[in-house]
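Please read the structure below before turning to the comments.
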Amino acid sequence: MYQEVILDHYKNPHGRGLRDGDAEVHHVNPTCGDEITLRVKYDGTTIEDVSYEGQGCSISQASASVLNELLVGKELAEAQKIQETFLELMQSKGKIEPDDAMEDVLEDAVAFAGVSKYPARVKCALLSWTAWKDATSQALDGADAEKETTA
Amino acid sequence: MYQEVILDHYKNPHGRGLRDGDAEVHHVNPTCGDEITLRVKYDGTTIEDVSYEGQGCSISQASASVLNELLVGKELAEAQKIQETFLELMQSKGKIEPDDAMEDVLEDAVAFAGVSKYPARVKCALLSWTAWKDATSQALDGADAEKETTA
Amino acid sequence: MTQLPGLLDTEAIRKDFPILDRVLHDGKKLVYLDNAATSQTPRQVIDVLDEYYEQHNANVHRGVHVLAEEATALYEGARDKVAEFINAPSRDEVIFTKNASESLNLVANMLGWADEPYRVDHETEIVITEMEHHSNIVPWQLLAQRTGAKLKWFGLTDDGRLDLSNIDEVITEKTKIVSFVLVSNILGTQNPVEAIVRRAQEVGALVCVDASQAAPHMPLDVQALQADFVAFTGHKMCGPTGIGVLWGRQELLEDLPPFLGGGEMIETVSMHSSTYAPAPHKFEAGTPPIAQAVGLGAAIDYLSSIGMDKILAHEHALTEYAVKRLLEVPDLRIIGPTTAEERGAAISFTLGDIHPHDVGQVLDEQGIAVRVGHHCARPVCLRYGIPATTRASFYLYSTPAEIDALVDGLEHVRNFFG
Amino acid sequence: MTQLPGLLDTEAIRKDFPILDRVLHDGKKLVYLDNAATSQTPRQVIDVLDEYYEQHNANVHRGVHVLAEEATALYEGARDKVAEFINAPSRDEVIFTKNASESLNLVANMLGWADEPYRVDHETEIVITEMEHHSNIVPWQLLAQRTGAKLKWFGLTDDGRLDLSNIDEVITEKTKIVSFVLVSNILGTQNPVEAIVRRAQEVGALVCVDASQAAPHMPLDVQALQADFVAFTGHKMCGPTGIGVLWGRQELLEDLPPFLGGGEMIETVSMHSSTYAPAPHKFEAGTPPIAQAVGLGAAIDYLSSIGMDKILAHEHALTEYAVKRLLEVPDLRIIGPTTAEERGAAISFTLGDIHPHDVGQVLDEQGIAVRVGHHCARPVCLRYGIPATTRASFYLYSTPAEIDALVDGLEHVRNFFG
Ligand SMILES: Cc1ncc(COP(=O)(O)O)c(C=O)c1O
Ligand SMILES: Cc1ncc(COP(=O)(O)O)c(C=O)c1O
């Protein structure tokens, strides 16, 4: 489950730290205490930045780093497709063997395929992605942008 | 468990029916619904009569009949000894094999030895005896003689 | 051998139940007719229990080691099986309890502590029936005492059915909950769910169905029932002891407060306050009966492999035969419906004025196991003016020959005390 | 092989536990160090369960047939075994529940519905501690919310012990109940019962002891404890899942009201009112976990045949060794007492800033089963400012070699994430 790619992202996270944003959310995984504070910044529908701070296991930390690497600079529609594909992979209970098409979409994130076999860890991998989705809808809906939520 | 003696007493009960008494009690075995109303009449410390009405299984009915046969006419002290011996036998879980001395005390009541192996039925066999003990203490204490009690 | 249409291949089925080979009292073969009290356990279930303890035992949830993951998958897999067995819209509606009694107490307590619109209080009414098992009476009596709510009930007709003639007076605008038994464990009566549900829905009352004697014996579809809660118990359906089920509608389980507090049922805890996990976990405090849930799952697999419709047909045929044969016994009076229509396979009766304890004991001496007493439904005995009954009850492994043995046994009882 | 004084003959003992032969992840031998979550089940207990279902299964009480009498004798025999095991003055003080959580909820609910002098209400106070398992926190939070009582607690010292310095302010004349853990499942701390009981008795408060982590590991004498209630759970002491115990002093059990209502717990029922059976039955509604109680009895036989004092000595020696070895691991911080004195065999720790989930997962890859998380004691994690811990916990079959494997495994974890 601990692919080299995951360990790399864990040890050298991309884009970590909180920077300016249009919306901020704070998500917690109550079963293991993993936490993330995440901000998104949009330029129209282009993702200008995803910045974050958090504590947690290597899976949740690496996943946030991969998210940053994958989504920054992307159009919202494409980012959503990536998010959905990642969700699908993580909920597959180890039954999806990523094909080339999936690898094209997910890039480094395919390394998490093995995590999907471990129900206790799937939530860790999804933490930042759920936070991103939530922050995005707050940023784009405008309203409630500052509200803290707990999932 | 159904000794001939028990069946005889069940089919032809001794002294059944309610007659005059110094005290009356009503006892119920809640697990099976067996009921007895029992009166005692004393002449000093001599048992002049034990009269009863009841409904229930053959064991509880036969036991009341045997009680009547054994106790009527006896001195209280002797009756108490009989009652205690019967209690001991019934609580023996089939482990007491009545000897001659016990047979001398219990007469027909030794036929209940087999019942003591059946926990669910021991209470049936003891119903009238507990009622008699209760009625006796009410009659001899004088007070509360008319009070109904439920065990 | 008596041949009846619709019977299962009991010769094959009986091989699955080791206990049916037992020999009692120096050579009497066990004739087990006490299935309404508890059913026997097939080898397939015993094996799954063994395998659980020998291979996979661990505490569930939150574990990252292999055993914990396996135990969790088995436990949650059992929930999936139950959900499918009762056609629940969602697996998250299936709560594991220790028995049907806990399930029913859970409903009563949720409603006692609920906010509006569910809250049962002194201005509201609770409706049950006179044929309930004590486990569907006492929780409501306790709730009524503790909240001041009024407890009302449907009476019984002389032939052992619910008297619904005054349904509009019994279930009123004040009624918050109607809880009743689908199949009576003492009378065998199968109750008309639809009429009761319709009236309850009219006044906005919740409906709780005690399916303890139904789930083991017939296809059960909680959506078709249109109830809000359905309770049943594992040990009556080839499962282990120590496991029960409460099914509840998802939005109710979301809204209603927890009952038992502790590990597993929380989202987050601080000394000052706690929040609760979503259902079903909200209602499962502490280490659950893990092996027992897994065993119940195996029992469901077993029953489903035979087919609940086939089991129903088998028992119906047996009941028809048993009613006919029993009515041939002089002085025998069936307490409950005297035909096999709209009834389950538990038949209560009296035999002249021979006390049921004596009937049961003499039958036992012949190896025949029946239950005697009030069957945890004492109000029914009061209603029919009897202290107790003898009850024979059948299951998928019961045979016409066992019914013949019962009838012969009853003849012997009559001669013995005659 | 490391030789420590006081160790049991684990080579012989391990043969009794089939699961300890399991091989994981292509060839890794199971090293089971998650005993505080649940213990493994010896062959002797599995066999008794099998025999129950294959030979004696029936519903208990009130049955007049052989199986019912056998099942009742086995079930009530298990009660005798538990009573003897904890030195209860009377077998009638032993209540079977489904787990320790139910036992603790039972106490909370009895007190919430009790009459004076026991009644917990808005003028009274409940005392617990910051090191309780959620199962000894949430029931009291619920009770406090529902009655208006005030919930107070003892804090913790930096070295993982109860801070009793303010005992006279925490336990006051208003205190109705003090409930605390005998041995903490997260810190391992063994608490000073006597000091707390003395103060509680001074103010007339009842005392409830959560012995879930004590009963499996040391001789337990409820009379010596001088508590009023003692709760524990079967699955942590070689027993099956689905069975727990509440011991309570007889006069309290007589005075206090029932909790769950239903079959078995009544004396007599009519539609208008019911009276209750004497304890313990008053608190055992519905068909009890029969096979599970019988299995717990077999577990007690098993533990007693080895000797609880010997088990205690074994675990003490292991704990001493484990503490020493673990403290050799760089960056490892034990959360809880750092010596083996006044502590049980559960050791929590953090390892640098490697998250416990990662520690647990990498250990699992080597076949080593530990638990990670807040161990249902989140307030302890909050107190020490950590999100979670890794916990290794030992039992009678644990060996020094397994501790060595753990230490090697932790080195591997450090290198892996280093
Ligand atoms: C100290 C303590 N108390 C209570 C419990 C609850 O036990 P159960 O989950 O069996 O109800 C546990 C174990 O989980 C425990 O360790
Ligand atoms: C109709 C009915 N309801 C409820 C129950 C209670 O089930 P349990 O004893 O398993 O809680 C029973 C069986 O005893 C029953 O027959």
Side-chain angles (χ1 to χ4, degrees), chain C residues 18-19 24 37-38 40-41 46 49-50 53-55 57-59 62-67 98-102 105 130 133-135 137-139 141-142 153 235 240-242 260-263 266 269-271 274 285-287 289-292 357 360-361 364 369 371-373 376 378-379 382, chain D residues 18-19 24 37-38 40-41 46 49-50 53-55 57-59 62-67 98-102 105 130 133-135 137-139 141-142 153 235 240-242 260-263 266 269-271 274 285-287 289-292 357 360-361 364 369 371-373 376 378-379 382:
Chain C
I19 208 170
L24 311 167
T38 206
Q40 293 304 341
T41 322
I46 300 174
L49 291 174
D50 284 359
Y53 288 117
E54 288 174 9
Q55 297 286 326
N57 179 47
N59 212 324
R62 273 195 283 284
V64 295
H65 59 78
V66 175
L67 296 183
K98 69 173 172 179
N99 54 25
S101 303
E102 187 191 346
N105 279 276
E130 205 174 358
H133 188 279
H134 293 164
S135 293
I137 298 177
V138 183
Q141 287 181 335
L142 286 170
W153 55 87
H235 66 90
T241 58
L260 303 178
I266 55 92
V269 172
S270 77
M271 293 308 287
S274 300
T287 305
I290 307 170
Q292 293 71 42
H357 267 199
Q361 195 93 47
D364 174 64
R371 187 126 312 216
V372 298
C376 295
R378 187 165 171 273
L382 292 178
Chain D
I19 207 171
L24 311 167
T38 206
Q40 293 305 340
T41 322
I46 300 174
L49 291 174
D50 285 358
Y53 288 116
E54 289 174 9
Q55 297 285 327
N57 180 47
N59 212 324
R62 276 194 281 282
V64 296
H65 59 78
V66 175
L67 295 183
K98 70 173 170 178
N99 55 25
S101 303
E102 186 191 346
N105 279 275
E130 205 175 358
H133 188 279
H134 293 163
S135 293
I137 298 177
V138 183
Q141 287 181 337
L142 287 169
W153 56 87
H235 66 91
T241 58
L260 303 179
I266 55 94
V269 172
S270 78
M271 293 309 286
S274 300
T287 304
I290 307 171
Q292 293 71 41
H357 266 198
Q361 195 93 46
D364 174 64
R371 187 123 316 212
V372 298
C376 294
R378 188 165 171 272
L382 292 178

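This one's a predicted model, so the numbers in the text were calculated from it and none came from an experiment. Sequence lines set the chain letters: A, B, ... in the order given, protein chains first and strands last, and positions in each chain run from 1.
Note: D/Glu102 leads D/Glu102, D/His133, D/His357 in heavy-atom pairs under 4.5 Å with chain C. Counting heavy-atom pairs closer than 4.5 Å to chain D, the top residue among C/Thr241, C/Thr287, C/Leu24 is C/Thr241. Annotation: maximal heavy-atom pairing with chain C below 4.5 Å, among D/Glu54, D/Met271, D/His235, D/Gln40, occurs at D/Met271. Ranked by non-hydrogen atom pairs under 4.5 Å with chain C, the options D/Leu382, D/Val372, D/Leu49, D/Thr38 are led by D/Thr38. The residue among D/Leu142, D/Val66, D/Ile137 with the most heavy atom pairs within less than 4.5 Å of chain C is D/Val66. The most heavy-atom pairs under 4.5 Å with chain D, out of C/Cys376, C/Gly360, C/Gly373, C/Ser274, come from C/Ser274.
Side-chain atoms of C/Gln55 never come within 3.5 Å of backbone atoms of D/Ile19 as a donor-acceptor pair (strictly under, hydrogens ignored). Looking at C/Asp50, its side chain never comes within 3.5 Å of a backbone N or O of D/Ile46 through a donor-acceptor pair. For C/Thr41 (side chain) and D/Tyr53 (main-chain N/O), no donor-acceptor pair under 3.5 Å exists by modelled atom type. Looking at D/Ser135, its side chain does come within 3.5 Å of a backbone N or O of C/Gly263 through a donor-acceptor pair. Formation of a donor-acceptor pair under 3.5 Å by the D/Arg371 side chain with backbone atoms of C/Asn59 is found in this model. Of the possible polar contacts, none joining the C/Asn105 side chain to the D/Leu260 backbone as a donor-acceptor pair under 3.5 Å is found.
When all heavy atoms are compared, the tightest approach of C/Gln292 to D/Pro240 is NE2-CB, 4.4 Å. The shortest heavy-atom contact between C/Pro139 and D/Gly262 is CD-N, 4.5 Å.
Looking at C/Ile290, both its backbone and its side chain come within 4.5 Å of chain D, counting heavy atoms on both sides. For C/Asn99, the part sitting under 4.5 Å from any heavy atom of chain D is the side chain, from C-beta outward, and nothing else. At a 4.5 Å heavy-atom cutoff, the contact between D/Gln141 and chain C is made by side-chain atoms alone.
D/Glu130 is linked by a salt bridge (charged side-chain N to carboxylate O under 4.0 Å, His left out) to nothing, counting only residues two or more places apart in sequence or in another chain. Every side chain to side chain contact (heavy atoms under 4.5 Å, CB included) that C/Ala58 has, sequence neighbours left out, goes to C/His65, C/Leu67, C/Ala68, C/Ala71.
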Could you give me the CA-CA distance, side-chain angles and deciding distance for D/Ile266 and C/Val138, then say whether side chain to side chain contact (heavy atoms under 4.5 Å, CB included) is met?
CA-CA 9 Å; D/Ile266 55 94; C/Val138 183; 3.8 Å; yes
